[in-house]
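FYI, the numbering just counts along the sequence from 1. Everything numeric in this text was worked out from a predicted model, so none of it was measured.
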Amino acid sequence: MKKLLHAIALGLLHACALLPFWALYRLSDLTYFLLYYVVRYRRKVVSGNLRDSFPEKTDQEREQIARKFYLNFSDYIFETIKLLHISDRQMAKRMTFDNVSLIDGYAGDGRSVAVYFSHCGNWEWAPSVTLHTACRPDKGIIFGQVYRPLRDSWTDALMLKLRSRFGSKSFPKNTVFRDIIRACRNSGMPAVVGFMSDQHPSHGDLIHVVNFLNHPTAFITGTETLARKLNMGVVYWDMYKPRRGHYHIVTRNITDDIASSEVFSVTDRYVELLETTIRRDPSLWLWTHKRWKHPVTFEDNEAPRHK
């Protein structure tokens, strides 16, 4: 029965992915209405996050941000399903990049690159950067992203398939350091790896507390630690959404000399850039997470994180 349900679900997803974008966005409009007005999916979480992050805004302004966020979130769902059938040509037009020469430059020097990224816009479309860089996957460079395996094995396998659509590899978070070293050593090529670093730190990571969106916030430090160990170039992907169904990422350099930079200076710079991105268009960030569920203080800095 479970296999049958999975087969039916996959068939429906493929059928959905074959629809033209205009039809997908009609489904997205309906999903937005259901999530926001009927199911009220995590409305209290989103409202609380926006209220605490933007106390200077009026209730009406925050409500407008929330509605736009839910519409963007609904778009994200159907755009991600579209990855099952979207062509390279269509994707290259809808997901564009600026300044990828930074990545090509590091790769040309034989250096790996850590890409700081976040849950903004449609992050599942970002691996299509391989359609824009001079180097191609496994032909001069390895492309990949760090991910947290999902509990449901069927859903996990589906997401891994979607994320490899443009030739990038997925590295499980718990073994990413070892896996990147092994992949680079076996291939003799550098790697460009994306890190979704806007979540809470993992257990065992040093806590680094910064002021972020009006909250003392513990940020992931494992990305910087790994980048230092591998002497990686470090960049940030700044996400824009010019119009519905179209995204644009500007690659911004954080440091090309991480070895001589102060500890946590890379993380601090990432936080500054991320907050700028969010404040420019708050509706693009993923507000449904309880990001400040476990409050921290600045006195918690550099203490190991525990459960």
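Between R165 and D88, at least one side-chain N (NZ, or NE/NH1/NH2) sits under 4.0 Å from a carboxylate O, which counts as a salt bridge. Contact check on K169 versus D179 returns no salt bridge, with no Lys/Arg side-chain nitrogen under 4.0 Å from an Asp/Glu carboxylate oxygen.
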Sequence neighbours excluded and cut-off under 3.5 Å, please list the side-chain donor-acceptor pairs for residues 101-108, or say none.
from, atom 1, to, atom 2, distance (Å)
D104, OD1, A134, N, 3.1
D104, OD2, A134, N, 3.1
Y106, OH, N253, OD1, 3.0
Y106, OH, T255, O, 3.3

Solution key, residues 183-190 side-chain donor-acceptor pairs under 3.5 Å, sequence neighbours excluded:
from, atom 1, to, atom 2, distance (Å)
N186, ND2, R182, O, 3.3
S187, OG, A183, O, 2.8
S187, OG, M189, N, 3.2

Show me the side-chain donor-acceptor pairs of residues 113-125 shorter than 3.5 Å, one per line, residues at least two apart or across chains.
from, atom 1, to, atom 2, distance (Å)
Y116, OH, E224, N, 3.3
H119, ND1, D198, OD1, 2.8
H119, ND1, D198, OD2, 3.3
N122, OD1, E124, N, 3.0
N122, OD1, W125, N, 3.4
N122, ND2, E79, OE1, 3.0
E124, OE1, R163, NE, 3.0
E124, OE2, R163, NE, 3.4
E124, OE2, R163, NH2, 2.8
W125, NE1, E79, O, 3.0

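Residues V210 and E272 have side chains not in contact (no heavy-atom distance under 4.5 Å, counting atoms from C-beta outward). With a 4.5 Å cut-off on side-chain heavy atoms, D75 and Y25 count as touching. Looking at V129 and I249, their side chains never come closer than 4.5 Å, going by heavy atoms from C-beta outward. Here the side chains of L50 and K57 are not in contact, with every heavy-atom distance at 4.5 Å or above. In this structure, L284 and I278 have side chains that are not in contact, with every pair of non-hydrogen atoms separated by 4.5 Å or more. No side-chain heavy atom of F73 sits under 4.5 Å from any side-chain heavy atom of Y36.
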| request: Begin from the C-alpha positions of L213 and R291 and carry the test side-chain contact (heavy atoms from CB on, under 4.5 Å) through to its verdict. | output: CA-CA 11 Å; L213 293 176; R291 299 180 183 276; over 6 Å; no
| said: L84 vs L162, test: side-chain contact (heavy atoms from CB on, under 4.5 Å). Steps then yes/no. | reply: CA-CA 7 Å; L84 286 168; L162 295 178; 3.6 Å; yes
| said: Q64 vs R67, test: side-chain contact (heavy atoms from CB on, under 4.5 Å). Steps then yes/no. | reply: CA-CA 5 Å; Q64 289 174 346; R67 286 198 296 268; 3.7 Å; yes
| request: Please test H208 against V263 for side-chain contact (heavy atoms from CB on, under 4.5 Å), starting from the C-alpha separation and ending with a verdict. | output: CA-CA 10 Å; H208 182 57; V263 176; over 6 Å; no
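Using cut-offs of 30° and 60° for the angle between ring planes, the W285 and W287 rings count as perpendicular.
Other residues, nucleotides and ligands contribute over 12 non-hydrogen atoms within 6.0 Å of the CD atom of E56. For K241, the NZ atom sits in a packed shell: over 12 heavy atoms of surrounding residues, nucleotides or ligands are nearer than 6.0 Å.
Shortest non-hydrogen contact noted between F219 and S197 is CD2-O, 3.6 Å. Summarising the geometry of N99 relative to T251, their closest heavy-atom pair is ND2-O, 2.9 Å, with the distance given to 0.1 Å. The two residues I220 and T267 have their closest heavy-atom pair at O-CG2, 4.0 Å.
When atom types are taken as modelled, the side chain of S28 and the backbone of L24 share no donor-acceptor pair closer than 3.5 angstrom. Side-chain atoms of S128 never come within 3.5 Å of backbone atoms of L131 as a donor-acceptor pair (strictly under, hydrogens ignored). With hydrogens and angles disregarded, no donor-acceptor distance shorter than 3.5 Å links the side chain of T175 to the backbone of R178. One N or O on the side chain of Y70 and one on the backbone of Y41 form a donor-acceptor pair closer than 3.5 Å. Judged by distance alone, the side chain of K173 and the main-chain N or O of P149 form no donor-acceptor pair under 3.5 Å.
Counting only residues at least two apart or in different chains, side chain to side chain donor-acceptor pair (under 3.5 Å) contacts with residues 44-53 are absent. For residues 106-120, no residue pair satisfies the salt bridge (charged side-chain N to carboxylate O under 4.0 Å, His left out) rule, not counting sequence neighbours. Residue pairs satisfying the ring pair (Phe, Tyr, Trp, His ring centres under 6.0 Å) criterion with at least one member in residues 134-178, sequence neighbours excluded, are listed as follows: H6-W154.
With hydrogens and angles left out, the side-chain atoms of Y270 and T223 include no donor and acceptor closer than 3.5 Å.
The side chain to side chain contact (heavy atoms under 4.5 Å, CB included) test applied to I8 returns L4, L12, not counting sequence neighbours. In this view, K229 satisfies the salt bridge (charged side-chain N to carboxylate O under 4.0 Å, His left out) rule with no residue, not counting sequence neighbours. For A259, the side chain to side chain contact (heavy atoms under 4.5 Å, CB included) criterion is met by N231, D257, not counting sequence neighbours. V250 meets the side chain to side chain contact (heavy atoms under 4.5 Å, CB included) test with D98, D238, Y240, H248, R252; sequence neighbours excluded. Evaluation of the salt bridge (charged side-chain N to carboxylate O under 4.0 Å, His left out) rule for R94 yields no partner, not counting sequence neighbours.
Hydrophobic clustering keeps V146 apart from M196 (ILVMFWY residues linked when any side-chain heavy atoms are closer than 4.5 Å, directly or through intermediates). Cluster membership check: L160 does not share its hydrophobic cluster with V193, using side-chain heavy-atom separations under 4.5 Å among Ile, Leu, Val, Met, Phe, Trp and Tyr. V266 and V209 sit in two unconnected hydrophobic clusters of ILVMFWY residues. Membership requires side-chain heavy atoms under 4.5 Å apart, directly or through other members.
To the nearest 0.5 Å, atom CG of residue N72 and atom OH of residue Y32 are 10.5 Å apart. Atom CD1 of residue I86 and atom OG1 of residue T80 lie 10.5 Å apart, to the nearest 0.5 angstrom. Distance CE/M159 to CG/D152: 12.0 Å, rounded to 0.5 Å.
W22 belongs to no hydrophobic cluster with other residues, because no ILVMFWY side-chain heavy atom falls under 4.5 Å from its own, directly or through intermediates.
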